[in-house]
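Structure first, commentary second.
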Amino acid sequence: MADGKTLITDVDHKRYDFRYVESSDEYIREEDGFTEEIIRRISEEKDDPEWMRDFRLKCLDIYNHMDMPCWGPSIQELDLNRIASYVRHKTDMKNNWDDVPDDIKETFEKLGIPQAERLSLAGVGAQYDSEIVYHNLKEEVAKMGVVYTDVETAMKTGYEDMVREHFMKLITPTDHKFAALHGAVWSGGSFVYVPKGVKVDIPLQSYFRLNAAGAGQFEHTMIIVDEGADVHFIEGCSAPKYNVANLHAGCVELFVRKNARLRYSTIENWSKNMFNLNTKRALIEEGGKMEWVSGSFGSKISYLYPMTILKGNDSKMTYTGITFSGEGQNLDTGCKVVHAGCRTSSVITAKSISKSGGIGMFRSSVVIEKAAKESKCSVSCDSLMLDSISRADTVPAMDIKAFDADVGHEAKIGRISDEAVFYLMSRGMSEEDAKALIVSGFADSVSKELPLEYAVEMNNLIKIEMSGHKA
Amino acid sequence: MTDVYNINTSPALTFAKLGMNGDRISVNTSLIKKENVEQYIFGNGITDTDDIDEALPGGAAGQDIDRLLSTESRIMTVKGNAGITISFSGSGVIRRVLKVARGVEAEVVEVVKGKAPDIALNSTSYILEKNARLKLIRIQMLDKDTLYVDDLRAKLHEDSYLEVVRLDLGSKRSYIASKVSLEGKNSEYKAHGDYLLNGSQRLDINMIAEHIAPDTVSDMRCDGVLLDSASKIFRGVLDFKSGCKGAKGAENEDVILLSEDVDNQSLPMILCGEEDVEGNHGASVGKISDEIIYYLMTRGFDEEAAVRLIIRSKFNNITSQLKNSDLRDVINRQIDGVLS
Amino acid sequence: MTNEIILEIKDLCTTVGEEKTPILRNVDLTVGRGETHIIMGPNGAGKSTLGFTVMGNPAYEIESGKIFFEGEDITDLSADKRAVKGIFLSFQNPIEVPGISMRSFLKSSLQQITGKRIKYSEFNKTLEEALSLINMDPSYVDRDVNVGFSGGEKKKAEILQLLVLRPKLAILDETDSGLDVDAVRTVSQGIRAYKERYGGTLIIITHNAAILEALDVDKTHVLVKGKIVETGGADLTDEINRNGFEKYTDG
């Protein structure tokens, strides 16, 4: 099975773990914690319009009055008074890699971002700590009217009304404590607008790197795909490992208009000191289609459940996700969907792998409103347990109020079959390779949804996890 | 004294906003009277005893409900087939422990009836000793203004087998809390519950199979039909504890919705801390499949008759297991009454 | 000799699914009472669709054309009304109905179709006669409808229903597929009994000549890509069995 070995190539374990220590004179770093003075300073630094400053302050107030979520993994270890809300290099956003400061440029080169841009992307955004340091969109795509920048720039370049109309309208600050926190301190992220009927053939990608220890990343992603348009957006994230807690509380708000399609792919590999409390939500109008592809490998604790509201008649959603929980990780992932329009459909396919004491929880919610006549939903969830010190839990909730709904649900839990391992070993494979191959096969339904380079990356991550990550 | 009690809290929580993590009931404890509940035992398969020397399992209804279980348990031994009728005539609590002795094979048919608008609480613990086999059929046909709490617990020793067949037709609001601990190696548990809810009936289920010992097997199935503005929540848990090597568990749900105003909630969970297990769950919710209706129509049934036939046949699976034809007829009449 | 027309399909076009994929294209077919018609054609030609459309399956949309049964327009009738009129479809994949025995299912089906209450003694006689015609073990009728039946048993059970319900027109959709030689013989015995004893009319959808050996075929129709491309007598069946459909599908 020489092919198997080339499929899972050797990788540098340190690929995500290198780091540059920021020197105090090159970086601006806010003091730890979240206070009104800090929020005002961030707002001033960003030269926010007044409504945005007021919104931030309102969010801070909501944050101060809200309780922590009561149903998920414990986040007691996360001391919010010891998180820096804002860290940035004293450079502006560039559209040429040569202009990006050396330490940051090298970071992204090691992560393969400029190379990928040359090869296969229509546009790239790169965020380092709190700010976007690089943004570029291929000229021919820009000519079609596609806008791809960060939210701050969008507000200053003629899209303020559009931002104001959509900003935190899907994920409201009262949704949960970390949504409120995000509203107060958000910084960076992506703004994408695809005009009516425009189909972007190759993906756009934003990459988020949190380099500073004890800091938070609060990027805001807003994508509006206008009627009949089509785009694929890829989000990647990573961070080096520290001994102190880092926090990621981004928000992603996606608007898919009539007959439009959006594919949103994420490969998340935060370091294992990260609290990843991210919120993603999409609103789909008539005939629109939302496709989520999600691979979760990193972080210490994750709360991640992309939510789709199928508002328009005949709108559709698919979610394909995989989560790999290793030593010291408690990854609580899944998805949510609300069927509100008639004849809406959703297909949820989730895979979970638990190993070396990792805890994987698949948590989902499917709501079919009374008005969502003739809607369909199917949920399938597979968990693989690689040893008996790990956990794999499945908690799928369904609330069906439409009597002519068609809802199917399946879940399976099990282990790698000894026979399969033996079969591969009898063909000359080591046990470790055999298991890695089987796990890659298990993950195949997700990797085949990814562009080739990312599928390879995902297989690399599986290989790293299977051999025991040396942090 | 009216107090509020948490009931059927989910062993694993889902998003709080869904409101599916558990319920609360208000109970006026001063109305609870011993004479409001009677138990009749038929046949000579069950005798009273006083020997109970092992810890009883905790219940799925939750610790709050345990506070209501102030009465003494009646302790009995099951040595053979028997029938039990439990009849409520006002707020009442009945608490029983039934031990199925080593090697005994028995079938117990329990019928719960009567009326208790504030609360009818039936708490039963079954202990199956080594090699014991019990088939428990429980038919609930309480009056339609009753609040019913059915707290069933079972502890399975080595090589024992418990089959629970239940049919829930009556009461206004009912809570089924069921927790079966598979503590003995090679023990097996099978449950098949059916319900038929109409009007504004509500059913709240919290069903747990706890796999503790190796090579234990569980298979839970919960099917039902919702009409009018009835609502139901099903929480089912396969809980594989670390060490239950070779365990297998399955849970399945099949719900037919027949009215625009029903609400059906499901939370089928698998909790797993052991590698060497197989767990499966499946659920299907919706109307009866078009293919089946069409097949029946080609054989001359109009659509309504086809639906009725399918629902009747669903309940036949349960009622056909009753040997007592009088009871079977009473149940069939009740089902026909709801469907017509 | 020309028989009285029992079924007449005129210029029938059907589609399936949200995408309205066309299946049947302008199909005309006339069947006389007591006749036996064979529908042959390659996979995906629309043979099953033809059966389903005559039996009123709502999954198939009639875009244009009409279906007449005994001179009456039944194009818009639901499947149960067609069953009452005397049309029967034997399914390729019969549906399982757990919780109801074949015996009580058949009895209520017969009552629905005839609109009469039937006495147990009378029904049991009919049932026993049907069982013996196809050598079927009587214990089958006390099992739930099709539940746990093998493929062959399901097909035999469909023929059992045919012999109990005794419709005026029976459409048999691949009743012979997946059967071993003995089972094919039993099933064709049942079909012959239906024709000879009860004067039945048959439309048989098949790939296989074996089932036809004991029957006098009146007409053979070749269905390709939703169109009847040729109609002939019994000899056309033999020819297709020798040469296949190539001459219709090429080009």
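Reminder, nothing fancy here: chain letters follow the sequence lines and each chain counts from 1.
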Which atoms of Leu238(B) are under 4.5 Å from chain A, going by heavy atoms: the side chain, the backbone, both sets, or neither?
neither
May I ask you to test the Val367(A)-Leu18(B) pair for a side-chain heavy-atom distance under 4.5 Å?
yes
No hydrogens needed, just list the donor-acceptor pairs between chain A and chain B under 3.5 Å.
| from | atom 1 | to | atom 2 | distance (Å) |
| --- | --- | --- | --- | --- |
| Asp175(A) | O | Lys17(B) | NZ | 2.8 |
| Arg363(A) | NH1 | Leu13(B) | O | 2.3 |
| Lys370(A) | NZ | Asp261(B) | OD1 | 2.5 |
| Ser388(A) | OG | Glu274(B) | OE1 | 3.2 |
| Ser388(A) | OG | Glu274(B) | OE2 | 2.8 |
| Ser388(A) | OG | Glu275(B) | N | 2.8 |
| Ala392(A) | N | Cys272(B) | O | 3.0 |
| Ala392(A) | O | Cys272(B) | N | 3.1 |
| Asp393(A) | OD1 | Cys272(B) | N | 2.9 |
| Thr394(A) | N | Ile270(B) | O | 2.7 |
| Thr394(A) | O | Ile270(B) | N | 3.0 |
| Met398(A) | N | Ser266(B) | O | 2.8 |
| Met398(A) | O | Ser266(B) | N | 2.8 |
| Asp399(A) | OD2 | Gln265(B) | NE2 | 2.9 |
| Ile400(A) | N | Asn264(B) | O | 2.7 |
| Ile400(A) | O | Asn264(B) | N | 2.9 |
| Val407(A) | N | Val285(B) | O | 2.9 |
| Val407(A) | O | Val285(B) | N | 2.8 |
| His409(A) | N | Ala283(B) | O | 2.8 |
| His409(A) | O | Ala283(B) | N | 2.8 |
| His409(A) | NE2 | His281(B) | ND1 | 3.4 |
| Ala411(A) | N | His281(B) | O | 2.8 |
| Ala411(A) | O | His281(B) | N | 2.9 |
| Ile413(A) | N | Gly279(B) | O | 2.8 |
| Ile413(A) | O | Gly279(B) | N | 3.1 |
| Arg415(A) | NH1 | Asp276(B) | OD1 | 3.3 |

For chain A, find which of Ile270(B), Leu267(B), Leu257(B) contributes the most heavy-atom pairs closer than 4.5 angstrom.
Ile270(B)
So which heavy atom on Val262(B) is nearest to which on Phe403(A), and how close?
CG2-CB, 4.4 Å
Identified side-chain contact (heavy atoms from CB on, under 4.5 Å) partner of Ile400(A) from the options Val255(B), Val285(B), Leu226(B):
Val285(B)
Heavy-atom pairs under 4.5 Å with chain B are the metric here; pick the option from Cys377(A), Gly360(A), Ala405(A), Cys70(A) that has the most.
Ala405(A)
Checked Gly286(B), Pro268(B), Ala16(B) vs chain A; the most non-hydrogen pairs under 4.5 Å come from Pro268(B)
Under a 4.5 Å cutoff for heavy-atom pairs, which residue among Ala392(A), Ala402(A), Pro69(A), Cys381(A) has the most contacts with chain B?
Ala392(A)
Output the option from Gly282(B), Cys272(B), Gly279(B) having the highest count of non-hydrogen pairs under 4.5 Å with chain A.
Cys272(B)
When the 4.5 angstrom heavy-atom criterion is applied to Leu384(A) and chain B, the contacting part is neither
